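Notes follow the structure.
What you see below is based on every heavy atom in this structure, not just the backbone, and it leaves out hydrogens, waters and symmetry mates. Numbers for residues simply follow the sequence, beginning at 1. Quantities reported herein were computed from a predicted structural model and do not represent experimental measurements.
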Amino acid sequence: MTSPTLLITDRLPFLWRLLGVNYTQLRAILSVKLQLDNRRPAAFSQWKKASETNNSYWISLAVYALFGSVFALFLSMSPAGMIIKPATLFFGYVLIICTMSLISDFSSVVLDSSDNQIMLFRPIDSRTMLTARIVHIISYLFTIALAVGSVGSLILGYRFGASIGFMTLVLCLLMAILAVFLTNVLYLLLMQFVSSERLREVINYVQIGMGIFFYGGYQILPRLLNSDGMMDARPFVWELWHYAIPPLWSAASLDLVINRQADIHHFVALGLAFTVPFLGLYIMTNVLSTVFSSKLASLDQEERTQPEMGSTTASPTGTPPLSLASRMANWFTSNPLERAGFTFVWFISGRDRKFKLRTYPGLGFGLAYAVIMSLNYQSTVKGTGGFFLFILYFGGIYIMTALLQISVSDNYKAAWIYESSPMTQPGPLLAGGLKALTVKLMTPYFMLLAGYVLYLKGPTVLPDILLAYVNSLVMLLITAVMGKRHLPFSMAQDVVRNSATTRSFLSMFIIGLIGVAHWGLTYIPYGQWIALPLMLGVAFVLFRSYWQTTWSEIEN
């Protein structure tokens, strides 16, 4: 059966001629890539193991459509003459979802150099190779864009006619192409200025920064439109900088057709919406493709080169100085096995790019969300004593994600060394890893949130901050004790995902319960100081229970 992607590409010969691509080779490469996609588990598999047949990919598309319908409701309630503001938010959501999906799920495909081992020895030019890579990614993002934009297209089609609904779908697909263009241009620019030795490490942090930037940008977008609400009856006033907002291009294009706003602003926006994505595709395939292929080849060569051992500066006594992880382990651990778990988790969490990509964006989202929500409810923050507690406890959700990720590794098969070691009890190793997570991630992250709360409320909330920190530690320990226990970096991603949903709901319930109890204590004189030693005792009991984990409690 021919893939829909191949059916569409077969009907675009003019586009491939314009791009200077050998379509015979392009189709063969795409066919192989799509076959490999069908053999690997879906990136959204959350409920079953990779070896099982499941419908998780279609379920994930349904979830995308559900969230897209929330933003589509603004399109149904907004008057026809005020459609531009809710439409901007709608298309902005499509762009953010496509970009975040590309960053989280397909960044490895964009930077995958394994194709070079086969195709560089054959008469295939770099333009065709890069085009196949881009079309492969766009075909994936198209399904997401269609899912997110389906409800909005149906609503607009019902209100203004089928042609408007079809135009909305086309504009959603153009947002997907634009997401690929923006992401790839940034990667290609990095390849120009960063050496191959540091490329993947820098790109990892750029991916984290892009995720935070796009999330924060989407939260700030309504403020840039100078709107007090989506139903604001004031007419939209164009500014010069509005042309730098891609979702506004698509919204203005709809406004042009629906309300017949035939002015220079709408025509310029229409031109940008329908030309910039394809212009970006042309630039990538004709200008930057050679650089992209050569940089990937040098990156592949770098990975094959045996890394050199770094030199160590000796101290005056002749012994090398202790690393930060070793000094921290000496301070916070008392057992050799616990110390080993501490330093192991500390080092791997700082070196594993995929761990950082799965964990750090969530921490950044939490910070951005806390700041933005406090700005939205500034009067609530100043008027009552409850909202700042939400900020303190909200970060705990993302720390739970980090706890889950310290069990995951692409090199999980190396975990055989655990069972071959003379370790009689794995509990101290797990406890050391949990301490490393607390010292390295949880404590600095909580200090950032606490600093922001102190800035908002002043030193009077210091007892609440101390209690919230201890409660966050208790929540982390409860999640570790009640959840499945895995040795550090010993499991495949698909195996751990089986319990991710249940653990997430459990963590959110626990956070909400403890947060409400803390809020109640604010109405009792010295309630925080009374609860503080009690929660410290609970944390000690939970940690001792986790420290005493036996081999029979370890999940394989």
Taking atom CZ as the centre, does F347 end up with more than 12 heavy-atom neighbours from other residues, nucleotides or ligands that are less than 6.0 angstrom away? yes

Quick one, E553 and T550 - any side-chain contact, counting heavy atoms below 4.5 Å? yes

Which is it for Q528 and L466 under the side-chain contact (heavy atoms from CB on, under 4.5 Å) test, yes or no, and what are the steps along the way? CA-CA 9 Å; Q528 300 94 321; L466 294 175; over 6 Å; no

To the nearest 0.5 Å, how far apart are OH in Y526 and CG in L532? 15.5 Å

Nearest heavy-atom contact between A468 and L392 is CB-CD1, 3.8 Å

Which of F446, Y445, Y393 passes ring-ring contact (aromatic ring centres under 6.0 Å, His included) with Y469? Answer is F446

Closest heavy-atom contact between W519 and L389? CA-CD1, 3.7 Å

Just so I know, are the side chains of V439 and W331 near enough to count as touching, which here means a heavy-atom distance under 4.5 Å? no

Evaluate the side-chain proximity of M475 to I514: yes if any heavy-atom separation is below 4.5 Å, no if none is. yes

Do F355 and V408 make a side-chain contact, defined as non-hydrogen atoms from C-beta onward lying under 4.5 Å apart? no

Answer yes if the side chains of K440 and S349 hold a donor-acceptor pair under 3.5 Å, and no otherwise. yes

Working for side-chain contact (heavy atoms from CB on, under 4.5 Å), residues L429 and E338: CA-CA 5 Å; L429 186 73; E338 188 180 9; over 6 Å; no

Pairwise distance CG(N471) to CD1(I478) - rounded to 0.5 angstrom: 9.0 Å

Between the CG atom in L337 and the OG atom in S421, the distance rounded to the nearest 0.5 Å is 8.0 Å

Shortest non-hydrogen contact from Q425 to W551? N-NE1, 4.0 Å

To the nearest 0.5 Å, what is the distance between CZ (F540) and CG (L473)? 12.5 Å

Distance (rounded to the nearest 0.5 Å) between L477 CG and M482 CE: 12.5 Å

So do the side chains of V345 and F489 get within less than 4.5 Å of each other, counting heavy atoms only? yes

Applying side-chain contact (heavy atoms from CB on, under 4.5 Å), run through L467 and D464 and close with a yes or a no. CA-CA 5 Å; L467 181 59; D464 294 288; 5.7 Å; no

Can you give me the closest heavy-atom contact between P488 and Y418, atom names plus distance? O-OH, 2.6 Å

Close side-chain approach of L456 and I391, heavy atoms under 4.5 Å: yes

Note: L403 and L434 closest approach over all heavy atoms is CD1-CD1, 3.8 Å

Output for pair (K435 NZ, F543 CZ), nearest 0.5 Å, gives 4.0 Å

Between L430 and H486 the two heavy atoms that sit nearest each other are CD2-O, 3.2 Å

Main chain of A325, side chain of T343: is a donor-acceptor contact present, judged purely on distance under 3.5 Å? no

Using the six-membered ring wherever Trp is involved, compare the ring planes of W346 and F342 and label them parallel, tilted or perpendicular (cut-offs 30° and 60°). parallel

Given side chains that start at C-beta, do those of R339 and F332 come closer than 4.5 Å, heavy atoms only? no

Looking at side-chain heavy atoms only, is the closest gap between L437 and M442 below 4.5 Å? no

